[in-house]
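Okay, handing you the structure first.
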Amino acid sequence: MNNFIINGVEVSEEQFNRIKKIRQLPDEEIDFSDIPPISKEELKKFKPARLRKKNLQVAS
């Protein structure tokens, strides 16, 4: 089985194929109904990705 690297993270061939299939879905076909709403207070706590990436650890 082959492994792939996506955005610096190693994934299996099965995971890669699932990601590829999901990326091909049009936005209209994505079901967001199980995601709870986010409050304004929660949004205020978010940090830009460039600030979070400093702490990202990738398995080697």
Problem - Side-chain donor/acceptor of Q15 to backbone N/O of S12, under 3.5 Å - result: yes

Exercise for the section: First locate atom CG of N3, then atom CZ of F16, and finally report the distance between them rounded to the nearest 0.5 Å. Expected result: 11.5 Å

Practice task
Establish whether I22 and I6 are linked, either directly or via other cluster members, by ILVMFWY side-chain heavy-atom contacts under 4.5 Å.
Solution key: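 No, I22 does not connect to I6 through the hydrophobic network.
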
Practice task
Provide the closest heavy-atom pair for D31 versus D34 in the form atom of the first, atom of the second, distance.
Solution key: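 What the structure gives for the nearest pair is O-OD1, 3.9 Å.
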
Problem - Check: S39 main-chain N/O paired with E42 side-chain donor or acceptor under 3.5 Å - result: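 Yes; judged by distance alone, with no hydrogens or angles, the pair exists.
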
Handout entry: Given R18, Q24, R23, the one that forms side-chain contact (heavy atoms from CB on, under 4.5 Å) with K20
Key = Q24

Exercise for the section: May I ask you to test the F4-E13 pair for a side-chain heavy-atom distance under 4.5 Å? Expected result: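 They are in contact (side-chain heavy atoms under 4.5 Å apart), so the answer is yes.
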
